[in-house]
**Student:** 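Pasting a structure here, questions to come.
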Amino acid sequence: MTPAQISTAPVQQGHSEEFRAAARHLGQGVGRRRFLTVTGAAAALAFAANLPTAGIASAAELDARKITEDPFTLGVASGDPLPDSVLLWTRLAPRPYEADGGLPAERVEVHWEIARDERFRRTVRRGSATAHPEFGHSVHVDVKGLDDDRTFYYRFRTGTWISPTGRTRTAPSAGARNSSLNLAAVSCQAYHDGYFTAYKHLAAEDVDVVFHLGDYLYEYAVTAVGGARNQTGLVLPDHFNRETLTLDDYRMRYGLYKSDPDLRAAHAAHPFVVTWDDHETENNYAGDTPENDVPPEEFLLRRAAAYRAYWENQPLRTPQRPTGPDMRLYRRLRFGRLAQFDILDTRQYRSNQAYGDGWKVPGPESEDPSRTMTGAAQERWLIDGWKRSDAHWNVVPQQVTFAQRRDVPTDAYKLSMDSWDGYPASRQRIMDGAEAAGIDNLMVLTGDVHVAYGFDLKKDFNDPASRTVGTEIVATSITSGKDGSEKPANYANQMAANPHLKFYDGRRGYVVVGLGKEEARADFRTVSAVTTPGAPVSTAASFVTEAGNPGLTPA
């Protein structure tokens, strides 16, 4: 990013009065849950006056030859691979730190091509798509008719500009008896806490797909020097030094994050499957309940803005495109007969945290059977999907710690009310559903907590001798929490308090999981520091779990 590309012009903060008034009007006389389902409210909060009309060009077309600065500053990405298709993404933003990305409010034609080779001598599909200003000039291309289980290369072009080349891969066919699959899991990448060095190393890993488990960005203020990065030679605009609230705020924050070369490299190297947690909108929000005491319509406007910016900046298909403050993010992917992935959303539909959130002594409020982490519809969808599954491994990529996690090895323990420990009845319904469906090889992938964990999932967490029914692999953060340490201050207490906890490391990095017919192997990869760039990566520990015999053992 050159100084010429950075605007210091003031950016107005706050939702427009038009949308405030619409939200207040539509919210009058209805409860929060009802507010979310009112058709008129959804339309207003979808910014209906600012969306492309289906089949009609709603903005003038820009002659792409007039784009004088590189519009592909945010790189390319692919996602949600299917046997015959993959989603390709880019977003045109010559000046990503500006609210409009440096482009006028005009649509732009973007050409794309996908090939079997990196030099594009064997192109298999090509076409064009429209980058609408209403969607931040983002492009989502669902390329169909591809061969299954193949590596492809792709790129975009507009005017005289050609994007970086991305590499992606389709999934095996539904009935394929594939014997191996390598995946990586990542989470929690606070720009202001350090450099995305882990992504540089992940870009070089031999994996088929990357699962991002939430906190892709943080809403918190970022100083002119990038917080703990303490960058030299780059001064960030003042508008980053405040919390995100509006659509412009969230769009520019994605512009900041995706300007990082290591994040762009990881996206270009591997297809991503993404799901959010809280910070993509606001810390520890629960459903339609914000962290702070603001009017419900104010938070729903913020949620609508955050969800829309999330879709604009991620490799997601049209069915995931939000309508106002609602977005269907939970979905299912298959990789042949080897693995089924049920990607959850544990933030949008959950009950409010018990006892005011935080680490609290569990009691009647947290243990209320009516409380839910997923909402009833998503819970049914998950369990019904297991009943129909014939996959060897059933993997659940999701956000917050699933296993019980006591803070101290005494009877006076506390539990995190934001994790599944704050929703034990909901967790039990999920575990009972897995058992009833006959799921033998259950694996949960988790982010959120900025440490690496390896858990055995117990039929009864209060009885260490009870049967192990699955495993949970928790990916540490990319940067959140800054450098961290191998053994955090609570290491001894947590290891003693939770016999089913088999591994705990507080450094930054990611986890690579290899699924096979006989076993799954998890390699916990860590970097030595993130507050300074260029740290090396190493394997902190490796564990395996045998097929048909759940539980983690050192490799």
Side-chain angles (χ1 to χ4, degrees), residues 1 5-23 44-52 58-59 62 69 71 73-74 89-108 131-140 190-192 216-224 226 235-260 276 279-283 285 290 292 294 297-314 316 321-325 327:
M1 188 70 58
Q5 291 177 286
I6 299 176
S7 170
T8 58
V11 177
Q12 183 178 4
Q13 189 178 36
H15 304 289
S16 72
E17 183 53 36
E18 174 187 5
F19 295 130
R20 288 177 182 271
L45 293 173
F47 309 103
N50 192 29
L51 291 181
S58 59
L62 174 69
E69 298 173 277
T73 59
L74 306 184
W89 173 94
T90 193
R91 178 181 157 213
L92 307 182
R95 297 174 179 258
Y97 295 174
E98 298 180 15
D100 60 6
L103 290 175
E106 298 174 350
R107 55 192 168 92
V108 182
H132 290 280
E134 297 90 342
F135 291 133
H137 287 107
S138 62
V139 179
H140 299 73
Y191 184 97
H192 58 273
Y216 190 96
L217 59 70
Y218 280 69
E219 76 277 26
Y220 301 140
V222 180
T223 65
V235 179
L236 298 179
D238 289 342
H239 59 70
F240 287 125
N241 198 17
R242 66 182 188 222
E243 190 164 327
T244 54
L245 290 174
T246 68
L247 181 59
D248 284 350
D249 290 339
Y250 287 106
R251 280 175 171 168
M252 290 187 293
R253 192 60 57 92
Y254 282 104
L256 173 63
Y257 275 57
K258 287 177 176 288
S259 69
D260 184 281
W276 56 36
H279 288 288
E280 288 89 351
T281 302
E282 179 192 52
N283 178 56
Y285 80 94
N292 300 311
V294 299
E297 66 270 14
E298 289 287 320
F299 177 66
L300 292 175
L301 282 171
R302 181 179 187 176
R303 202 175 92 167
Y307 284 14
R308 181 164 163 186
Y310 184 83
W311 183 83
E312 290 175 352
N313 286 279
Q314 299 291 6
L316 291 166
R321 194 172 74 191
T323 301
M327 180 170 164

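Numbers for residues simply follow the sequence, beginning at 1.
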**Student:** Please evaluate residues Tyr310 and Thr281 with respect to the criterion side chain to side chain contact (heavy atoms under 4.5 Å, CB included), reporting the C-alpha separation (whole Å), side-chain torsions for both, the decisive distance (0.1 Å), and the verdict.
**Tutor:** CA-CA 9 Å; Tyr310 184 83; Thr281 302; over 6 Å; no

**Student:** To the nearest 0.5 Å, how far apart are CG in Asp248 and CZ in Arg253?
**Tutor:**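 These two atoms lie 12.5 Å from each other.
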
**Student:** What distance do Glu243 atom CD and Asn292 atom CG have between them, rounded to the nearest 0.5 Å?
**Tutor:**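 Glu243 CD to Asn292 CG: 7.5 Å, rounded to 0.5 Å.
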
**Student:** First locate atom CG of Asn313, then atom CG of Leu217, and finally report the distance between them rounded to the nearest 0.5 Å.
**Tutor:**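 Taking CG in Asn313 and CG in Leu217, the distance rounds to 8.5 Å.
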
**Student:** Just verifying a value: how many Å separate Leu256 CG and Thr244 OG1, rounded to the nearest 0.5 Å?
**Tutor:**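 With rounding to 0.5 Å, CG (Leu256) is 11.5 Å from OG1 (Thr244).
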
**Student:** Do Leu103 and Pro133 make a side-chain contact, defined as non-hydrogen atoms from C-beta onward lying under 4.5 Å apart?
**Tutor:**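 Counting from C-beta outward, Leu103 and Pro133 never come under 4.5 Å.
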
**Student:** Checking Tyr285 now: which residues fulfil ring pair (Phe, Tyr, Trp, His ring centres under 6.0 Å) with it, not counting sequence neighbours?
**Tutor:**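 Ring pair (Phe, Tyr, Trp, His ring centres under 6.0 Å) check on Tyr285 returns Phe299.
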
**Student:** Using the ring pair (Phe, Tyr, Trp, His ring centres under 6.0 Å) rule, pick out the option among Phe135, Tyr216, Trp276 that qualifies with Trp311.
**Tutor:**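 Of the listed residues Phe135, Tyr216, Trp276, the ring pair (Phe, Tyr, Trp, His ring centres under 6.0 Å) partner of Trp311 is Phe135.
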
**Student:** Are a donor atom and an acceptor atom from the side chains of Arg302 and Tyr250 found within less than 3.5 Å of each other?
**Tutor:**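 Yes, because at least one side-chain N or O of Arg302 sits under 3.5 Å from a partner of the opposite role on Tyr250.
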
**Student:** Of the options Tyr257, Trp89, Tyr254, which is the one that meets Leu74 in a side-chain contact (heavy atoms from CB on, under 4.5 Å)?
**Tutor:**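 Of the listed residues Tyr257, Trp89, Tyr254, the side-chain contact (heavy atoms from CB on, under 4.5 Å) partner of Leu74 is Trp89.
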
**Student:** Taking salt bridge (charged side-chain N to carboxylate O under 4.0 Å, His left out) as the definition, give me every residue that meets it alongside Glu312, ordered by chain and number, with sequence neighbours left out.
**Tutor:**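 In terms of salt bridge (charged side-chain N to carboxylate O under 4.0 Å, His left out), with neighbours along the sequence ignored, Glu312 is linked to Arg251, Arg308.
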
**Student:** Dump the intermediate steps for side chain to side chain contact (heavy atoms under 4.5 Å, CB included) on Leu316 and Met327, then the final yes or no.
**Tutor:** CA-CA 11 Å; Leu316 291 166; Met327 180 170 164; 3.8 Å; yes

**Student:** Quick one: pull up NE2 in His140 and CZ in Arg91 and give me the separation to the nearest 0.5 Å.
**Tutor:**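 The distance works out to 10.5 Å.
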
**Student:** Look only at the side chain of Glu282 and the backbone of Glu219, and say whether a donor-acceptor pair between them is shorter than 3.5 Å.
**Tutor:**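 A pair under 3.5 Å: no.
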
**Student:** Let's go through Phe240 and Tyr97 carefully: what are the C-alpha distance in whole Å and the side-chain angles of both, what is the deciding distance for ring-ring contact (aromatic ring centres under 6.0 Å, His included) to 0.1 Å, and is it a yes or a no?
**Tutor:** CA-CA 9 Å; Phe240 287 125; Tyr97 295 174; 5.4 Å; yes

**Student:** Looking only at non-hydrogen atoms, find the nearest pair between Pro94 and Thr73 and report the distance.
**Tutor:**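 Answer, listing the atom of Pro94 first, then Thr73: O-CG2, 3.9 Å.
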
**Student:** Strictly distance-based, threshold 3.5 Å: is any side-chain N or O of His137 a donor or acceptor partner for the main-chain N or O of Thr90?
**Tutor:**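 Checking the backbone N and O of Thr90 against the side chain of His137, no donor-acceptor pair under 3.5 Å is found.
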
**Student:** Going from CG on Asp238 to CG on Asn241, what distance comes out if it is rounded to the nearest 0.5 angstrom?
**Tutor:**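 Here the interatomic distance stands at 7.0 Å.
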
**Student:** Which atom pair, heavy atoms only, marks the closest approach of Asp100 to Gly102?
**Tutor:**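 Residues Asp100 and Gly102, closest heavy atoms: OD1-N, 2.9 Å.
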
**Student:** Is the shortest heavy-atom distance from the side chain of Pro96 to the side chain of Met252 under 4.5 Å?
**Tutor:**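 Pro96 vs Met252: side chains apart.
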
**Student:** Heavy atoms only: give me the nearest Ala105-Ala59 pair and the separation to one decimal.
**Tutor:**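 That would be O-CB, 3.7 Å.
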
